[in-house]
Amino acid sequence: MSTVNPTEAQQPPRTLKISILRHNPQDPASVPHMQTFTLEEAPAMTLFVALNDLREHQDPSLQFDFVCRAGICGSCAMVINGRPGLACRTLTHTLAPEITLAPLPFFELIGDLSVNTGKWMRSMSERLQTWIHSTDSVDIKRLEARMEPELAEAIYELERCIECGCCVAACGTAQMREDFVGAVGMNRIARFRLDPRDQRSDEAFYDLIGDDDGIFGCMSLLGCQDVCPKNLPLQSQIAFLRRKMVKVGLS
Amino acid sequence: MSKTTDLADASAKPTPLKSKLPARLDFWQSATGLFLALFMWLHMFFVASILLGKDAMYTVAKFFEGYHFFGQPYPILVTIAAAGVFAVLIAHAGLAMRKFPANYRQYSTFRRHMKSLRHDDTNLWFIQVFTGFAMFFMVSIHLYIMMTQPHTIDPYGSGDRMVTDWMWPLYLLLLLAVELHASIGLYRLAVKWGWFEGKDAQATRRRLKQAKWAVTVFFLVLGLATLAAYIKVGLDNRDNYGQRYVPSWERQTQAPTPQALIPAAQSAAPDTTAPSVVDSAVEVDAPLASDAVVEPSGQDVGTD
Ligand code: HEM
Ligand code: HEM
Ligand code: SF4
Ligand code: SF4
Ligand code: FES
């Protein structure tokens, strides 16, 4: 993704106008407002680079998150020109020079572009019990049971979720109904359902997501599918789970 | 419904603790939607029979009154069918309405989200909610008329309804609403349940969406042509409001009047002149033709 636009190097650098929704909930005097910064674009600049530049040279109070700057940790998700995405994976040259940034909606705001996705993700994990449930006792001296490579890969495909929260921020259902588990939650369930080490039955999964805050709340708007920066097969997984859960419900 | 579930022994449970109702409601929401969408396709083809001529539409109308089974039309059959469709429709609307924004706050949140996201499928959902809401009123009117006046369904009756009874604006809006709603609904069913997914779900989805638009355009064009055809019949027939249509073959058998038969009777070879008499009977204007029906000549040329 980090290829430099060849024409970009020759042309004079663009001046970016970056408008950021600023608000510090810790400060009672703070009111949400847009603040516009101007910045000269550098070759192969990402939004992550641009934001660091702003914080370093223009406004040290600007709040935003990043850890890995390589699309792995999921902490830099924000609303870029109206759509959720990862700042570290968004090259500025793919955007018009006027850029609008806002924090992800739905999640608790820490300040400016920083939101507490971790808190929500944790409560979601607890609610959906996203860990392996097994009654077998584990003998750590023995080799693990073998798994077919295809199955391991299928599990890994879903395991790639970085919990960035983009899917929840892009989901119209979640915006309207706060308790909705979101695509990230349903993907989690799909992942453990695949795992042969997890002994939960479909009935047990139904208890976790078989209601209108779970799988039956999803209205198939597919915002999640279209923004997920890891391109997870959310549409297919949600449809698959829906079929399985309806089967439980109709039996 | 409890938001949190506490499962100490989550493994190997025979039945869920949770109500099975949400699963059933979701299933029936889709099932009723699918039924209605497929029904609308057939409905459109039947109604569009007017494009093949008044006789064709008349035949279809009489078919649904059971004429071809019982040898006599029973409009009550249409009433029963319309009541059945009405029941499915009410069930569908009731189930789907659960997804409507529940209050103004949810509505404005969704609108804001939709404007910001600029996302096709999210916009489509809003169209579906909007058209669904509008249809609730429009379809109710239509079905009520179909249930209470099934005997008026024929080329003239339907044309009169469009023009003299001023139903065409309602039908126009209903047509727009139903064609958008049904094709979006079918697209959504496919992505919702993973139909036709294949190896590359996103490639399939793009194709489904193209197909969805093609279906919308096809049925809109067919529907508008049909609407125009009924309006034309209604305009032509405006001075004879309330008149029932008589198909050409009944006019053929019953139109010959005593005067018309005179030359045939005088002729040495009646068989050769008879067809020309029949031809002129077909040309006879509608009011004359139906007058002729009211007073049968007694000269039965046909079989029945
Ligand atoms: C008359 C009142 C109607 C209302 C209020 C209504 C409302 C809705 C709404 C809000 C949805 C979206 C549900 C969701 O997002 O899960 C929907 C889905 C659907 N509707 Fe309707 N609708 C009506 C009539 C019709 C008619 C006449 C047809 C067929 C021609 C139809 C076919 C469908 C289909 C196929 C779906 C997709 C079902 C699903 O997502 O499970 N609807 N309807
Ligand atoms: C069993 C139930 C139904 C019967 C017997 C029926 C019958 C008819 C008939 C005879 C017409 C021609 C116009 C007229 O005579 O008024 C018509 C037109 C129409 N109907 Fe229905 N209908 C039924 C259900 C529905 C439903 C459920 C919808 C929509 C959701 C619908 C939508 C329309 C539309 C949009 C037109 C105008 C079509 C055009 O002119 O292109 N109908 N229907
Ligand atoms: S599913 Fe995709 S969009 Fe959602 S949290 Fe995981 S990586 Fe992010
Ligand atoms: S398909 Fe739509 S409603 Fe369902 S989780 Fe994804 S964005 Fe939300
Ligand atoms: S900084 Fe880790 S995903 Fe962007």
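In the text below, chain A, chain B and the rest are named by the order of the sequence lines, each starting its count at 1. Note: hydrogens, waters and symmetry copies are ignored here, and every other heavy atom, side chains too, is used.
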Atom pair [atom1]/[atom2] of [X] and [Y] - distance to nearest 0.5 Å:
X      : Y      : atom1 : atom2 : answer
B/D26  : A/I215 : CG    : CD1   : 8.5 Å
A/Q225 : B/H119 : CD    : NE2   : 9.0 Å
A/L250 : B/K20  : CG    : NZ    : 8.5 Å
B/D121 : A/C224 : CG    : SG    : 10.0 Å
B/Q106 : A/Q175 : CD    : CD    : 11.0 Å
A/R177 : B/F110 : CZ    : CZ    : 9.5 Å

Region of [X] that comes under 4.5 Å of a non-hydrogen atom in chain B:
X      : result
A/M219 : both
A/S251 : both
A/A169 : backbone

Kindly check if the number of other-residue, nucleotide or ligand heavy atoms within 6.0 Å of [atom1] ([X]) is above 12?
X      : atom1 : result
B/F133 : CZ    : no
A/R122 : CZ    : no
B/F63  : CZ    : no
B/F218 : CZ    : yes
B/F100 : CZ    : yes
B/W213 : CH2   : no

[X] versus chain A, heavy atoms under 4.5 Å apart: side chain, backbone, both or neither?
X      : answer
B/H113 : side chain
B/R98  : both
B/Q202 : side chain

Are side-chain heavy atoms of [X] and [Y] found at a separation under 4.5 Å?
X      : Y      : answer
B/K99  : A/D212 : yes
A/R242 : B/W193 : yes
A/Y206 : B/P22  : yes

As a quick check of understanding, evaluate side-chain contact (heavy atoms from CB on, under 4.5 Å) for B/R188 and A/L221, giving each step before the final call.
CA-CA 8 Å; B/R188 195 178 306 291; A/L221 309 176; 4.0 Å; yes
Which of the residues B/A23, B/P101, B/A201 is involved in the greatest number of heavy-atom pairs with chain A at under 4.5 angstrom?
B/A23
Option in B/R112, B/Q29, B/R205, B/R105 with maximal non-hydrogen atom pairs under 4.5 Å from chain A
B/R205
Within residues 81-88 of chain A, contacts to chain B at heavy-atom distances under 4.5 Å involve A/N81, A/G82, A/R83, A/P84
Considering all heavy atoms of both residues, which atom of A/G249 and which atom of B/R24 are nearest to each other, and what is their separation?
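Taking A/G249 first and B/R24 second, the nearest heavy atoms are O-NE, 3.0 Å.
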Which heavy-atom pair separates A/D211 from B/K18 by the least distance, and what is that distance?
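Distance-wise, the nearest heavy atoms are OD2-NZ, 3.0 Å.
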